[in-house]
Protein chains: 2
Amino acid sequence: MPHNSHMTVKSLKKSHHHGDLRNALINAGIEILEEDGLDALTLRKCAARAGVSHAAPAHHFDGLPGLKGAIASEAFGIFSRHMLEAARSEGDSANARLRGICRGYVQFGLSHRALLDTIFGIDMTELEREPIEHDDSSAYQILRDACAPFVPAGTQPEVVEFQVWSLIHGYTMLFVRGHFGCTAPSDVADGPFDQVMALLDRIGTAPKP
Amino acid sequence: MPHNSHMTVKSLKKSHHHGDLRNALINAGIEILEEDGLDALTLRKCAARAGVSHAAPAHHFDGLPGLKGAIASEAFGIFSRHMLEAARSEGDSANARLRGICRGYVQFGLSHRALLDTIFGIDMTELEREPIEHDDSSAYQILRDACAPFVPAGTQPEVVEFQVWSLIHGYTMLFVRGHFGCTAPSDVADGPFDQVMALLDRIGTAPKP
DNA sequence: GCGTAAAAATTGACAGTGTAAAGTTGCCAT
DNA sequence: ATGGCAACTTTACACTGTCAATTTTTACGC
């Protein structure tokens, strides 16, 4: 006996008191992450910024991990849009698109570190977790498209995709935290980006004999 | 007027009440990380496990971030010993050593995730931070030695080192959290390790024309 | 319309946590 | 012995997540 089968298709769950509190909490969380970093993210602060009482989030998310998961999904959308732009920023060739994606990855890590940490801090193996949602315009798909020209015949596309993804993700995570020995990097150019990404030129070629 | 210039060279700061409380707190923290994960690490729990009052850690570390930094240094030593063993586990050839290091990296991430997250969660760019200490037997040096045979003449060793490091670090971080789509990975073999590490065979070769 | 039930949000309480200030204990040099 | 100091304890407080009880709002059947 579904009691709300009358709801319109585009029902935004805009409901009783607040009006889409769920999204308001997610947006508040993103603001806090951008302003004050990962450790500042708090259920109570999100609630306060959304203008509701401190216990209100419990009706929409399963604790702080639940809210973090929802924020990660939203942040992944922001990340995806950033990557789409980056893919086009360096030219139209296949090489330029792949290079642009990698540079955009690092740039996003520098400019929105807490967001990237939230996205990739999520443990997809935990039970009772709904995975981060990603549609056809997600960063995954953008990376996949950019890798496609480099996939040798008879090879699974995932292979190249995972190679590139591992390389740029590892570089970004190590670089933004200064593990490469650069002191306080504030720009991609401050690191050995070009030197490491030179490995991309070997992608899709045969191994040395 | 140094008031303690009388202390012996090997003075372990074994002092008044406890006797090397600093190290006791670090070890307690590592135990907690191994048993209950990153979120369970708490100043008060470390203090309780070391048998002191909850405010005692403040006299040895600058808050929880300070303790985490000291734990990261200790965990990096554990990681380094693990990597030294892994480097020898697959054979004596240069290829086997590099492959062994990479496999050991992922294995360590699976078996001691909280430790690896603590090590590489440290932000080396933050001011007033003392960097993680690493001597000649550190994981950095082990990786550098393993990469040396692949460094082309006239190339800086760091280039190859950073390429390999980025690749394996990114792979590990993404894999252990299930971002490659593997459900609940419990072994390196559960992931596309070999496929991604095939890129290592292109290390040190000339780019395609 | 109206009453009832469910959803949404509030309030109050509680256990943990980090942190700061003040107090206590034991060791050492003078 | 005694003054000083470092290590530790005690006490207190603000902040956090979480739960139970309550109130307010909305939706639906009658």
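- Using bins of under 30°, 30° to 60° and over 60° for the plane-to-plane angle, the ring pair A:His112/A:Phe108 lands in the tilted bin.
- Distance from the side chain of A:Leu43 is smallest to D:dG17 among D:dC8, D:dG17, D:dT10.
- In this structure, the CZ atom of A:Arg44 is 13 Å from the C1' atom of C:dT10, given to the nearest Å.
- Atom P of nucleotide D:dC15 and atom CG of A:Leu64 are separated by 18 Å, given to the nearest angstrom.
- Applying the 4.0 Å criterion to OP1 and OP2 of D:dC8, one finds that B:Ser53 has every side-chain N and O outside that range.
- Distances were taken from every side-chain heavy atom of A:Leu21 (C-beta onward) to each of D:dT16, C:dA9, C:dA20; the shortest belongs to C:dA9.
- Counting to the nearest Å, the P atom of D:dC19 and the CZ atom of A:Phe61 are 17 Å from each other.
- In this structure, B:Asp39 atom CG and C:dG16 atom C1' are separated by 14 Å, rounded to whole Å.
- Judged by closest nucleotide on DNA chain D, B:Ala56 is the one of B:Ala56 and A:Ala55 placed further toward the 5' end.
- Closest contact between the side chain of A:His60 and the listed nucleotides D:dT9, C:dA9, C:dT11 involves C:dA9.
- Closest to the side chain of A:His59, from the set C:dT19, C:dT10, C:dT11, is C:dT10.
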Item checked: salt bridge (Lys or Arg N to Asp or Glu O under 4.0 Å) evaluation trace for A:Lys45 with A:Glu35 -> CA-CA 13 Å; A:Lys45 276 194 264 200; A:Glu35 293 170 13; over 6 Å; no
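- As rounded to whole Å, 14 Å separates atom P of C:dT17 from atom CG of B:Leu67.
- A:Leu41 has its CG atom 15 Å from the C1' atom of D:dC15, to the nearest Å.
- In this structure, B:Cys102 and B:Leu200 have side chains that are in contact, with non-hydrogen atoms separated by less than 4.5 Å.
- Ring orientation note: the planes of B:Tyr105 and B:His169 are nearly perpendicular, at an angle over 60° on the 30°/60° scale.
- Under the 30°/60° scheme for interplanar angles, the aromatic rings of A:Phe79 and A:Phe76 are found to be tilted.
- Applying the 3.5 Å distance criterion, the base of C:dG12 shares a donor-acceptor pair with the side chain of A:His54.
- Look at CZ on B:Arg49: it is 16 Å from C1' on C:dG16, rounded to the nearest Å.
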